[in-house]
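Data first, discussion second: the structure below is written as structure tokens.
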2 protein chains.
Amino acid sequence: MRSPTELGELFRSTGRKNTAQRQCIFELLHGSTAHPTAEAIFAEARAKMPSISLRTVYQTLNDLASLGEIQQLDLGTGSFRFDPNIDSHHHLVCIECGSAQDIYAAFPEVQVPPAVAGDFELTSTEVVFRGRCASCRRP
Amino acid sequence: MRSPTELGELFRSTGRKNTAQRQCIFELLHGSTAHPTAEAIFAEARAKMPSISLRTVYQTLNDLASLGEIQQLDLGTGSFRFDPNIDSHHHLVCIECGSAQDIYAAFPEVQVPPAVAGDFELTSTEVVFRGRCASCRRP
DNA sequence: TTGTCAACTAGCAATACTTGTTGATAAGGT
DNA sequence: ACCTTATCAACAAGTATTGCTAGTTGACAA
């Protein structure tokens, strides 16, 4: 995703407002690689801005996602995770703690077999690797 | 998964009971390829056995899943889907109606890149193709 | 068959995550 | 500075699933 400043411009130019709460969220997401949940972002934001509400966090994340600046991922961990990395990539997910790691490998061989493809209009291909991460293996 | 009769035996031999409700659910699942949700199974079961409760459906599905007779899939459609096909396979999911189709292709090339693999203990690899199915494309 | 007991069922309550609603507030263009 | 309108915060509601409990039923053995 773009820098907090650029996102502020983008919000303004799409008729949205660039509020302090939103800037706070932009900053938290910028450069983050941890795939945080809405709750995690809320907790961090609240540390800097105690009055912010969870609703505002969800709203801003949804706006960012619909502008294509972040990805909303459902990795089967019970809640959405938000990824500021919008390049095409895949994920390695811990089945114990739910943490996710980006995988940049491209898998060009992964295609819908012609026999099944039929009239299906393909929009995305996701690969999810599941298992236990290093820190969950030695507790 | 096995036949309803075999599943009845299996349930008894694992200290569970083979009730009429369970047999009803076994029969609905047997040979099904539609990846139904719990609600969908509940609706079908209720047509045959009006007193059955949603709770019982969930319980039986969870039992079947923990016995390894069905797969509980989270394909990002908002609710779990249950698949009597327990061979290793992947899925083609419609982002509009949520329907899922099995894909039997193996993708041996799909592996965690060594640089990332580290201490990660891999347990499964899922490929999900998303898009719009034939019937959702012409409404 | 019948007795016994653990497991099951139905119905409802509760949970977790996310979105809807609303009066008050504040941003931003003019 | 003003006015319009999006946004804020708090609360309520929605969706999918699981927890709880009193009464019921299946399985096994005598």
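Letters A, B, ... mirror the listed sequences (proteins, then strands); counts begin at 1. The model shown is predicted, which means the values in this text are computed figures rather than measured ones.
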Protein-nucleotides 16-18 of chain D N/O pairs under 3.5 Å:
{"residue": "D:dT17", "atom": "OP1", "partner": "B:Phe80", "partner atom": "N", "Å": "2.5"}
{"residue": "D:dT17", "atom": "OP2", "partner": "B:Tyr58", "partner atom": "OH", "Å": "2.5"}
{"residue": "D:dT17", "atom": "O5'", "partner": "B:Tyr58", "partner atom": "OH", "Å": "3.3"}
{"residue": "D:dT18", "atom": "OP2", "partner": "B:Asn62", "partner atom": "ND2", "Å": "3.3"}

Audit row: B:Phe120, A:Phe129, ring-ring contact (aromatic ring centres under 6.0 Å, His included) steps and yes/no: CA-CA 10 Å; B:Phe120 201 91; A:Phe129 298 98; 8.7 Å; no
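- Distance A:Ile52 CD1 to D:dC8 P: 8 Å, rounded to the nearest Å.
- Of the side-chain N and O atoms in A:Gln21, one or more sit less than 4.0 angstrom from OP1 or OP2 of D:dA9.
- Rounded to an integer number of Å, the gap from B:Ile25 CD1 to C:dA10 C1' is 13 Å.
- Residues A:Thr123 and B:Ile95 come closest through the heavy atom pair OG1-CD1, 4.2 Å.
- In this structure, A:Ser53 does not reach the D:dC8 phosphate: none of its side-chain N or O atoms is under 4.0 Å from OP1 or OP2.
- In this structure, the CZ atom of A:Phe42 is 16 Å from the P atom of C:dA16, given to the nearest Å.
- For A:Asp63, the salt bridge (charged side-chain N to carboxylate O under 4.0 Å, His left out) partners two or more places apart in sequence, or in a different chain, are A:Arg16, A:Arg22.
- The nearest whole Å value for the distance from the CD atom in B:Gln59 to the C1' atom in D:dG19 is 10 Å.
- Although no hydrogens or angles enter the test, the distance criterion places no donor-acceptor pair under 3.5 Å between the side chain of A:Ser99 and the main chain of A:Cys94.
- A:Tyr104 has its ring centre no less than 6.0 Å from the ring centre of A:His90.
- Contacts with DNA chain C (heavy atom under 4.0 Å) in residues 5-20 of chain A: A:Arg12, A:Lys17, A:Asn18, listed by number.
- Mapped onto DNA chain D by nearest heavy atom, A:Arg22 and A:Arg46 fall at different nucleotides, with A:Arg22 at the one closer to the 5' end.
- B:Asn85 and B:Gln71 share no side-chain donor-acceptor pair at under 3.5 Å.
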If you apply the rule salt bridge (Lys or Arg N to Asp or Glu O under 4.0 Å), what do you find for B:Asp74 with B:Arg81, and how did you get there? CA-CA 6 Å; B:Asp74 182 349; B:Arg81 289 173 176 267; over 6 Å; no
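- A heavy-atom distance below 4.5 Å is found between the side chains of B:Phe42 and B:Ile52.
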